[in-house]
Structure formats: C-alpha cells, structure tokens
Amino acid sequence: MPLRLFNTLTGQIDTLVPQPGLAPGPALRMYACGPTVYDYGHIGNFRTFLQIDVLRRTLLLLGIPVRHVMNITDVDDKIIHNAQAAGISIGQYTAPFERAFLEDLDALRVQHPEQLARATEHIDRMVQLVQQLAQVGAAYQTEDGSWYFRLASFPAYGQLSKKDFAGMEDGARVDVDEYEKDSARDFALWKAAKPGETSWDTPIGRGRPGWHIECSAMSMEYLGDTFDLHAGGEDLIFPHHENEIAQSESVTHKPLARHWMHVRFLLVDGRKMSKSEGNFYTLRDLLLKGYKASAIRLALISVPYRHQHNFTFDGLVEATAAIERLRTFHQRLTQATLAPGSNPDLQAAAAQAHQTYIDALSNDLNTAEARAPIFDLVRAANTALDRANTDPARLLADDRAPILAVLAAFDAVFDVLTDTDADATRRALAWARETSRLDDVAPSVLALDAFTDQAIDALVAERTQAKRQRNFARADQIRNQLAENGVLIEDSKDGVRWKRK
RNA sequence: GGCGCGGUACCCAAGUGGUAAGGGAGAGGUCUGCAAAACCUUUAUGCGCCGGUUCGAUCCCGGCCCGCGCCUCCA
C-alpha cells in the first residue's frame, strides 16, 4: 500500500514512492534536517524527530526500504560564540551535545538514520558548491571575503513557502554586519573569518560555512541531485529549505527533493515553548521529573504531525495509562494458557484492526486514527480472555498469533510495548549526577537505583510463596513495600505481573 | 498588515453530506483472600456563533467571535 503524505511543495496530499533511476538502490531516499548541537534537545525538537521516525517506520512497515540521511550541524554562530566563551574548540563544545542528542533519541526509541552527516566533515563539499554557484553567477564575494547567494539569479525563489518576492524591496539594509550585500535578502553561503573565530582555509578564502549550505552539500553528496523526500520542522520552510532549493537547483537545474514534509510546532500549555515563558523542557528535564520515555514518545506522536500539538503534563499522564493498558494486555495474552482451536470472531477482529490501522497510517500518518483499532482489538481480546473455559466466545490458542501480529505492527511504528523506560531514566539520572543537576529529581527516579529488577523479582517470589502458605500479612507487607517504591503487583490466573509506576 | 491552522463530551483527540472513533478521568457493577488488572453500564439529540445550499450539515459556502502559528534565530 502506498503512503499518502502532504507535500508542502505541491500543497496537497501526494503519494510518496521512491523514484527509481535517479540514484543507485531501490530505497526511498530521504533527508531530514537534524539538530544544531549547541544545547540539549527540547521536547519540541523531539516532536519533529519522533514524527519523522513515524514516517520512517511507516515506510518500512509498508515494505518500502529507506535510505535516511540526517545532518548534525556542528558549526554555526551560536556554537562559535559559546565555545569561544568557554575557551574551548567548537569540537570540544559540540561533542557532549551530539552525544546527548543521540542518547536522547535512543531513550525515545527513535531509529537512527542510515547516515549521519556532520557539517564540519563536509567543508570541502560546501566549498565546491560555492565555487559551482560562483561559476553560474549565482554567488558573489563581498569585500570582506564573504560569499552570498544572489537571489535575483533564481526566479523560482519562494516556491516552497508560497511567498511572492517579486515586489521585494532591494537595498534595504537589514544587518549591519552584512552591509556589502547586493540585496538585503541575499543570504550568506560562506562567512569570512573574523579574528579569533573558528575558520577553514579554503580556495574560496578563509572562513566558515553559512547556515544553509551544509544541507545542500550533504544531501546531494549522499542522496544525489534529486531525492525523494526532504523533512524537517515547519520553521525550516522559510528560509532554510527555500535557500537549500535555491543553492542546489541553481547548480543542478533539477528539483532538489520531490516531496517536502514539515512537522508543525509544539505548544506547551497553549503557548509556544520558550525559555522566557517558563514552559521550556528538555527531554532530560521530563525524565528526571519521573515521566517515562515511552509516555513522552507516545504523547508526542499521538497527535498527527500536521496538527498543532498542545503538550501538557496531563497528556503525559494519559499516555502513561494508555501504555500500561497495552503492555498489560500484551503480557496477559502472551502468558495466557489457552485451549486449542480458534475463534472466527476474533480472527476477523484482528484482520479488521490490522487493515484499519494500516489505512490510517497510510493516510498522511494519521496516528490518532491508527491507535483506535488497536484499542478496539485489545478490548475484544480482553473480553474473550475473561470468558469461562466452556464459553464458545473465549480466546483460543490459534487466536494468539494473529492478535500478537497486530500488536507487532502497531509496535513497529509506535514502539512502546517493550519497557526500556527504567534504563532511559537511569541514564538521565547518571547524567544528572555527573553534571550536578540533582535538585529537581523526583523521588521515584532516585528510588530506581534502590530496587533493581532482580531485587523486585526476588521480593515478588517471596510474596508468592507467602500467599501459597496463606500468610497474607507477609504478602501484603511486601506488596506495600514495593508500592511505596513505585512498583505495582498484579495477580492473575496466569501468574504474577509487576510494573514500575 | 500578509500567509496559514484550529475551536468536537470533564480533559486529550480522530472523523464523515445521512445522524458522533479512540485514550484518559469520574460514577455504579462483576470478578478477586485483599488489591491491581480486566470486563459491563454510564458521561455530546450534540460537534464556537449566525445565516445559506441540500431531502438531510458537525462535515460544503458566506459572515462573525475566540485561540494559535509563521512572516527574524528557532524542530
């Protein structure tokens, strides 16, 4: 089944399929704008990366292989400034943030792209692109040695953002540092080195790349002149992606990407997230407050990517409950002792749920709609599991696999059934210890270290033994002790389950 | 000012020209040593307001009100 996805370039929903023949290999070639590693990632960043993960995983689920490239922008004004202030090299400055970013992706179970591309490792390719642009008259050098893109040379400018620059006023001086530009909107391709700043000595002069050039250079390097999909946050439509198009297409005279996907911004408590509003959260902030990585993942992907998502703590609590329902069911179904045979109603329900699920995702990644049939199936199966052994409507042995297969398809995209939350939170806790950020850590997070999985298993076993001996006082004592440390016990006819709250 | 998006039950949130998915929360019940889980019942004659088109509109059109985003660094 093909994926129908809104395309910013055409302004409509288009079918996204790999176009063969443009580059080697059968995969769908996608480039997603990654982070500028000057700080820890916040939940707004991660909404975008999570939604791109939903796209990637949906493509894979639909049987479309992907070649996914993401840039790491490890040189820009802010990085240079901050590194200088700290008295270290930009590499020393960015390395911990890049590592933290990749760790955060892991915590959120975001799949890594096939290729990570660091800006500082592709300076040559960027210089080459500037030279090519100069050759076709689309780039010019100013007296200070900087290079700019000549917008007047690219009439199609504005096609992505639907902006009309025809009546644009030339000559307006907007930036005092860039007084030599031919036109106010001309943007920097290469910035001449200022004293003491990080710079590279190159054939086009000593300096450093402008903001947009790295994505043009690296996307074409790894994916060819034209690739299938370019994705990023909605803020990148203009000017970043518009500028990428101008830079690349001026040289290649071919479309840079056929399909453009943009993820809408997140609001927090109804406002755009910003440090000054006091509603700014990094992933690490939330983990240390005791919210689970899986709940953050589910919350951030459950509102479809084109909708404005209002992020709230209530939403995280709700996502936590939803995940528990799914995990409890998954465990129950896996462990259940079942009589042989199959129940046609459940077989049909599983097939129906699977189809509805796939249809929803295929429809512009409608994650909200995709969740519904999964929960419908969970209820139907739970009901059947509750029925007596003699009831013909009960769940039978051959019903297990098809229902688990639907859950697997769900998890192929949503990926919340496997509980790796404690690990993610422990890593955040270790980081907080190393960097002396223990002030706001929730007690439940600190308790993670006191009760390891092994310790819990041992106590649960002891309690089961006590129950067998009908020593309910001791059994309840253990249950309370665990509960006080955020561990819940559930008895069932198929054994004892426990989970961290 | 220009461009764009949204207003659906207590909360979050899909959706369709034919009579409102799903999740969370609340209430009552079943089950259970107790609890948890699970299941059942229950919470929108209603989808911002006013007109229009239609046999019929929450969904289409027009107007209005409210909220939000982008247009500058930003995912």
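As the structure is a prediction and not an experimental result, all values here were calculated from the model. Residue numbers start from 1 in every chain, and the chains themselves are labelled A, B, ... in the order their sequence lines are given, proteins ahead of strands.
- Taking a pair to require two hydrogen-bonding distances under 3.5 Å in either a Watson-Crick or a G-U wobble arrangement, B:C64 pairs with B:G48.
- For the pair A:Y305 OH and B:C5 P, the computed distance is 14 Å after rounding to whole Å.
- For the residue pair A:E484 / A:N480, no side-chain donor-acceptor distance below 3.5 Å is found, with atom types taken as modelled.
- Nearest to the side-chain atoms of A:E490 among the listed nucleotides B:A75, B:A14, B:A36 stands B:A36.
- Side-chain atoms of A:R379 lie closest to B:C40 of the nucleotides B:G24, B:C40, B:A75.
- In this structure, NE2 of A:H262 is placed 14 Å from C1' of B:C74, rounded to the nearest angstrom.
- Nucleic acid contact for A:G44: base, since at least one base atom lies under 4.0 Å from a heavy atom of the residue.
- If you check B:A75, B:G33, B:A37 against the side chain of A:D476, the one that comes closest is B:G33.
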Using side-chain contact (heavy atoms from CB on, under 4.5 Å), reason through A:I90 and A:T120 one step at a time and then give a plain yes or no. CA-CA 10 Å; A:I90 60 168; A:T120 54; 4.3 Å; yes

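- In the set B:C39, B:C68, B:G23, B:G23 carries the atom at the smallest distance from any side-chain atom of A:A322.
- In this structure, A:W498 places its CH2 atom 18 Å from C1' of B:A35, rounding to the nearest Å.
- Counting non-hydrogen atoms under 4.0 angstrom, A:K162 reaches nothing in the nucleic acid.
- Side-chain atoms of A:R47 stay outside donor-acceptor range of the base of B:A75, with no qualifying N/O pair under 3.5 Å.
- Take the nearest nucleotide of RNA chain B for A:A370 and for A:D235: the residue whose nucleotide is more 5' is A:A370.
- With a cut-off of 3.5 Å on both Watson-Crick or G-U wobble distances, the partner of B:U19 is given as none.
- Below the 3.5 angstrom threshold, one finds no donor paired with an acceptor across the side chain of A:D314 and the base of B:G24.
- One N or O donor and one acceptor, one from the side chain of A:D491 and one from the base of B:C34, sit under 3.5 Å apart.
- Under 3.5 Å, the side chains of A:R118 and A:N71 contain no donor-acceptor pair of N or O atoms.
- Residue contacts shown for A:G41 are absent, as no nucleic acid heavy atom lies under 4.0 Å away.
- When the P atom is compared between B:A57 and B:U19, the two are found 13 Å apart, to the nearest whole Å.
- Under the 3.5 Å distance criterion, with hydrogens and angles disregarded, a donor-acceptor pair is assigned to the side chains of A:N82 and A:Y93.
- Nucleic acid contact class of A:Q51 (heavy atoms, under 4.0 Å, all strands): none.
- Considering only side-chain atoms of A:F238, the nucleotide from B:G69, B:C12, B:C71 that sits closest is B:C71.
- In this structure, a donor-acceptor pair under 3.5 Å is absent between the side chains of A:D345 and A:Q347.
- Contact annotation: A:H307 reaches the phosphate of B:A14 (side-chain N/O to OP1 or OP2, under 4.0 Å).
- Look at A:N45 and you'll find a side-chain N or O under 4.0 angstrom from OP1 or OP2 of B:A75.
- In this structure, A:R264 atom CZ and B:C3 atom C1' are separated by 12 Å, rounded to whole Å.
- Between the P atom of B:A38 and the CG atom of A:D391 lies a distance of 20 Å, rounded to the nearest Å.
- Between A:N366 and B:A14 there is no side-chain N or O to OP1 or OP2 distance below 4.0 Å.
- Between A:L266 atom CG and B:C68 atom C1' there is a gap of 13 Å when expressed in whole angstrom units.
- Rounded to whole Å, the C1' atom of B:G29 lies 27 Å from the corresponding atom of B:A20.
- Between the side chain of A:K272 and the base of B:C74 there is at least one donor-acceptor pair of N/O atoms closer than 3.5 Å.
- Looking at A:D376 and A:R379, a side-chain N of the basic residue comes within less than 4.0 Å of a carboxylate O on the acidic one, giving a salt bridge.
- The side chain of A:V303 lies closest to B:A13 when the candidates are B:G67, B:C70, B:A13.
- B:C73 is unpaired under the Watson-Crick or G-U wobble criterion, no partner having all donor-acceptor distances under 3.5 Å.
- With both pairing distances under 3.5 Å, B:A25 is matched to B:U43 as a Watson-Crick or G-U wobble pair.
- A salt bridge between A:D77 and A:R208 is present, with a side-chain N of the basic residue lying under 4.0 Å from a carboxylate O of the acidic one.
- Within the 4.0 angstrom heavy-atom criterion, base atoms lie near A:F472.
- Residue contacts shown for A:P304 are limited to sugar-phosphate atoms, with no base heavy atom under 4.0 Å away.
- Nucleotide B:U30 is matched to B:A38 when pairs are restricted to Watson-Crick or G-U wobble geometry with both distances under 3.5 angstrom.
- When heavy atoms are screened at a 4.0 angstrom cut-off, A:L488 is found touching no nucleic acid atom at all.
- Taking atom P in both B:C10 and B:C66, the straight-line distance is 23 Å, to the nearest Å.
- Atom NZ in A:K275 sits about 11 Å away from atom C1' in B:C74, given to the nearest Å.
- Distance noted for atom P between B:G46 and B:U41: 23 Å (whole Å).
- Annotation: B:C64 and B:C70 have their C1' atoms spaced 24 Å apart (nearest Å).
- When the C1' atom is used for both B:G7 and B:G48, the distance is 6 Å, rounded to whole Å.
- Closest to the side chain of A:T383, from the set B:C40, B:G24, B:A75, is B:C40.
- At distances below 3.5 Å, at least one donor-acceptor pair connects side-chain atoms of A:R284 with backbone N or O atoms of A:A100.
- Comparing B:G33, B:G22, B:A75 by their closest approach to the side chain of A:D376 singles out B:G22.
- The CD-C1' distance, from A:Q335 to B:A37, rounds to 12 Å in whole Å.
- A donor and an acceptor atom, one from each side chain of A:Y305 and A:D364, are located under 3.5 Å apart.
- Base contact: A:R463 has a heavy atom under 4.0 Å from a base atom.
- On a pure distance criterion of 3.5 Å, no polar donor-acceptor pair joins the side chain of A:Q308 and the base of B:G6.
- Contact check, A:W211 against B:C74: a side-chain N or O comes under 4.0 Å of OP1 or OP2.
- One finds a side-chain N or O of A:R325 lying less than 4.0 angstrom from the OP1 or OP2 phosphate oxygen of B:C39.
- Comparing A:E369 and A:S161 by the nucleotide of RNA chain B whose heavy atom lies nearest to each, the residue mapping closer to the 5' end is A:S161.
- In this model, no donor atom of one side chain and acceptor atom of the other lie less than 3.5 Å apart for A:H42 and A:T282.
- Using atom C1' as the reference point in both B:A9 and B:U58, the two lie 14 Å apart (nearest Å).
- Nucleotides B:G18 and B:U54 have their C1' atoms positioned 12 Å apart, rounded to a whole Å.
- For B:G69, the OP1/OP2 oxygens have no side-chain nitrogen or oxygen of A:R306 closer than 4.0 Å.
- Side-chain nitrogen and oxygen atoms of A:R479 include none within less than 4.0 Å of the OP1 or OP2 phosphate oxygen of B:A36.
- Nucleotide B:U58 forms no Watson-Crick or G-U wobble pair with any nucleotide shown, as no partner meets the under 3.5 Å limit on both distances.
- With a 3.5 Å ceiling on both atom-pair distances, B:A9 lacks any Watson-Crick or G-U wobble partner.
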